[in-house]
Number of protein chains: 2
Amino acid sequence: MIVRQAVNVLEILEYFARVKKPATLAEIADHFGWPRSSTFNLLTTLAEKGYLYEPRPRAGYYPTPRWLVMAREASDVEPLPDWTHALISSLSTETGETVAIAAPAGVMAVFIDVVESSAAIRYFAKVGHRVPIHATSSGRALLLQYAKDERDSLYRKIEFKQYNHTTPISIDAVEAELRKSLERGYCQSFADYSRDLAGVAVPLPIGERRLSVVVAGPEYRIGDKTAAIAVTLQQAVERFRAK
Amino acid sequence: MIVRQAVNVLEILEYFARVKKPATLAEIADHFGWPRSSTFNLLTTLAEKGYLYEPRPRAGYYPTPRWLVMAREASDVEPLPDWTHALISSLSTETGETVAIAAPAGVMAVFIDVVESSAAIRYFAKVGHRVPIHATSSGRALLLQYAKDERDSLYRKIEFKQYNHTTPISIDAVEAELRKSLERGYCQSFADYSRDLAGVAVPLPIGERRLSVVVAGPEYRIGDKTAAIAVTLQQAVERFRAK
DNA sequence: CGAATAAATTCACCCATATGTACGATCGAC
DNA sequence: GTCGATCGTACATATGGGTGAATTTATTCG
């Protein structure tokens, strides 16, 4: 069950991150199509907790830096080593595509770090973006690090949906793809989940953590270059991990 | 009206900021005394929105760096100039007390930047901390920048409570204190709001924004040094503003 | 390996809460 | 100053959502 008011808090945070301007109650209410009264309650609550403030009445709400202070401390929970960001940054330059580090989140994979391609046509992904673990290259690079029985218990929770015509829609199909990935030495996906999107990924275990790196972009650019990209990927990982 | 689930989201954020460790559903539920089922709903929601993830099932939830990304961007809404942090940092060293920058938030003043004293006994304040605008030195340094009619409309909203025996509990008392502050050239408060706490503050207008700087600490340390502290304060402001 | 224990997840019901409505404050136009 | 329009705030009410109990899933220990 989705907790609506929890989502609303996040939407307000994201709203300010997007517009980067103070906003009045009316603006926010209109933007989200929320009733004024509800918006009032929510904004008041955030203000009472010290996350918003109003420089002067009717001049709009500002987020306080408290978000930043809290987020900074909370994100130290399990910081990635410095070289991982350098790695994806370098890979993005080399390949010209969007590169991300993914981590497991139940039946999904979350991107915990992303460097976007600078190309006009590119994979548009953000930190926190989630994709099905079984239907994406980044996800399958995570699954490769699971023991068989761990995968099995995951499979039971997956709802196999036909996102696209190449989507694997059974446990067997996924397992088969994993075997193929092992043979070829890297994971790949051609629009298994998102239309027109292709990805090349490899596992990236760091300490106890099972992560993966993925290079992703439009099918027509990745196309037959998967093997070359995989080599670039693996070499970069070795290079940066050494440091 | 307080939106409970909104508060809960913030509490979870603050929880992770405090403990800096992954936490399981059960731990979080027990910590807050929330029912498991409700906690489940909330954590699932945050996970779905990409703010939490579970590296492996039952190993607990981690915050994703998405908090950081969003908070960083949202904090650009009205960034303070760089010199203000240097200012309070320097002042904290000079005075040995906690120093903060305050902004108006309705009938309250919010701290939007804080450098805490390193003394064992000190004013314990955080970014986002809120205090009544009329019963604190930082707040009154804000009120000094209001026009009379703006103050009047604020006064109507204030609920005058006797926080302590020196708390001004009428409009006249507040206005009298503001006049005294003008004469002496700075604002002060001796436990008007918080027991044992004394503060010295001056206005800090930046562009259109009305802010204030406050040096605060235990009454016995601030005591008769208010005039000296005020001088230090004013000189520091001049020095840093010039840059 | 199997039973006991603990944790996670689901679900239906009832109550707390989000909202419609009304009121008051403020602002801008003339 | 006066009026109209707009925005913010208070409150009662119906209904969406939180919770307790039941069920399923995982983990621990004999």
Side-chain angles (χ1 to χ4, degrees), chain A residues 1-12 21-48 52-62 104-108 146-159, chain B residues 1-12 22-49 52-62 104-108 146-159:
Chain A
M1 175 190 284
I2 289 303
V3 181
R4 196 130 65 81
Q5 292 291 28
V7 174
N8 292 350
V9 170
L10 302 175
E11 303 235 287
I12 286 190
K21 269 190 306 188
T24 64
L25 190 154
E27 279 171 350
I28 296 176
D30 292 348
H31 175 84
F32 291 108
W34 296 340
R36 292 260 164 106
S37 48
S38 316
T39 309
F40 173 74
N41 291 335
L42 189 51
L43 293 180
T44 313
T45 302
L46 292 177
E48 291 235 333
L52 293 178
Y53 70 109
E54 335 147 60
R56 38 203 307 187
R58 296 168 182 263
Y61 289 85
Y62 292 37
V107 299
M108 307 291 270
Y146 281 51
K148 181 72 173 74
D149 59 337
E150 288 179 303
R151 286 206 301 279
D152 284 337
S153 69
L154 243 189
Y155 290 147
R156 261 173 273 139
K157 296 184 186 159
I158 293 179
E159 191 197 348
Chain B
M1 173 190 282
I2 289 303
V3 180
R4 196 132 63 84
Q5 293 292 28
V7 174
N8 292 350
V9 169
L10 302 174
E11 302 234 288
I12 286 190
T24 63
L25 190 154
E27 279 171 349
I28 296 176
D30 292 349
H31 176 84
F32 291 107
W34 296 340
R36 293 259 162 111
S37 49
S38 317
T39 310
F40 174 76
N41 290 337
L42 190 52
L43 293 180
T44 312
T45 302
L46 292 177
E48 291 238 333
K49 289 285 287 176
L52 293 178
Y53 71 108
E54 335 149 57
R56 40 200 308 186
R58 298 173 177 260
Y61 289 87
Y62 292 38
V107 299
M108 307 292 270
Y146 281 51
K148 183 70 173 75
D149 58 337
E150 289 179 303
R151 286 205 302 278
D152 284 337
S153 68
L154 242 189
Y155 290 147
R156 263 173 269 140
K157 297 183 186 159
I158 293 179
E159 191 197 347

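Treat the numbers as computed from the prediction; the structure is a model and nothing was measured. Quick note on labels: first sequence line is chain A, next is B, and so on, each numbered from 1. Quick note: numbers below take in every heavy atom, side chains included, and nothing from hydrogens, waters or symmetry partners.
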Atom-to-atom span, [atom1] of [X] to [atom2] of [N] - whole angstrom:
X	N	atom1	atom2	result
Asp152(A)	dT25(D)	CG	P	14 Å
Asn8(B)	dT17(C)	CG	C1'	13 Å
Leu25(B)	dG18(D)	CG	C1'	14 Å
Leu43(A)	dC7(D)	CG	P	14 Å
Glu54(B)	dT9(C)	CD	P	7 Å
Leu42(B)	dG17(D)	CG	C1'	13 Å
Arg156(B)	dG24(C)	CZ	C1'	11 Å
Tyr155(B)	dA25(C)	OH	P	19 Å

Nucleotide N/O to protein N/O under 3.5 Å, stretch nucleotides 13-16 of chain D:
none

Do Glu54(B) and Thr24(B) come close enough that some side-chain heavy atom pair is under 4.5 Å?
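Of all side-chain heavy-atom pairs linking Thr24(B) with Glu54(B), none is under 4.5 Å.
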Taking side chain to side chain donor-acceptor pair (under 3.5 Å) as the test, write out the residues that go with Glu150(B), two or more places apart.
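Partners of Glu150(B) by the side chain to side chain donor-acceptor pair (under 3.5 Å) criterion, ordered by chain and then number, come out as Arg56(A), Arg210(B).
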Separation between [atom1] of [X] and [atom2] of [Y], rounded to the nearest 0.5 Å:
X	Y	atom1	atom2	answer
Tyr155(B)	Ser153(B)	OH	OG	10.5 Å
Ile12(A)	Leu46(A)	CD1	CG	5.5 Å
Met108(A)	Ile158(A)	CE	CD1	10.0 Å
Ser38(B)	Leu43(B)	OG	CG	10.5 Å

Of the nucleotides [options], which one has an atom closest to the side chain of [X]?
X	options	answer
Gln5(A)	dA18(C), dA8(C), dT9(D)	dA18(C)
Ala26(B)	dT26(C), dA8(C), dG18(D)	dA8(C)
Tyr61(B)	dT19(C), dG18(D), dT9(C)	dT9(C)

Using a 4.0 Å cut-off on heavy atoms, which residues in residues 27-36 of chain A reach DNA chain C? List them by number, or say none.
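Close to the strand are Pro35(A).
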Please produce a list of atom pairs where a protein N or O lies less than 3.5 Å from an N or O of nucleotides 10-13 of chain C.
none

Return the minimal non-hydrogen interatomic distance between [X] and [Y], and the atom names on each side.
X	Y	value
Ala105(A)	Tyr53(B)	CB-CB, 3.6 Å
Thr39(A)	Ala29(A)	OG1-CB, 3.4 Å
Ile28(B)	Ala23(B)	CG1-CB, 3.8 Å

Expected list for residues 1-11 of chain B: side-chain donor-acceptor pairs under 3.5 angstrom, two or more places apart:
residue  : atom : partner  : partner atom : Å
Gln5(B)  : OE1  : Asn8(B)  : ND2          : 2.8
Glu11(B) : OE2  : Lys49(A) : NZ           : 3.4

Can you list the residues that meet the ring-ring contact (aromatic ring centres under 6.0 Å, His included) rule with Phe32(B), with sequence neighbours excluded?
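Expected list: Tyr15(B), Trp34(B).
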Partners of Tyr61(A) by ring-ring contact (aromatic ring centres under 6.0 Å, His included), sequence neighbours excluded?
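For Tyr61(A), no residue satisfies ring-ring contact (aromatic ring centres under 6.0 Å, His included) once neighbours in sequence are set aside.
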Secondary-structure string, 5' to 3', Watson-Crick or G-U under 3.5 Å, | for another-strand partners, for DNA chain D
||||||||||||||||||||||||||||||
Dump the intermediate steps for side-chain contact (heavy atoms from CB on, under 4.5 Å) on Val107(B) and Arg156(B), then the final yes or no.
CA-CA 10 Å; Val107(B) 299; Arg156(B) 263 173 269 140; over 6 Å; no
Salt bridge (charged side-chain N to carboxylate O under 4.0 Å, His left out) partners of Asp152(A), counting only residues at least two apart
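Testing Asp152(A) for salt bridge (charged side-chain N to carboxylate O under 4.0 Å, His left out), a comparison that skips the adjacent residues, returns Lys148(A).
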Could you check whether Thr24(A) gets within reach of a base, just the sugar-phosphate, or nothing at all, counting any heavy atom under 4.0 Å?
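The answer is sugar-phosphate, as Thr24(A) gets under 4.0 Å only of primed atoms, P, OP1 or OP2.
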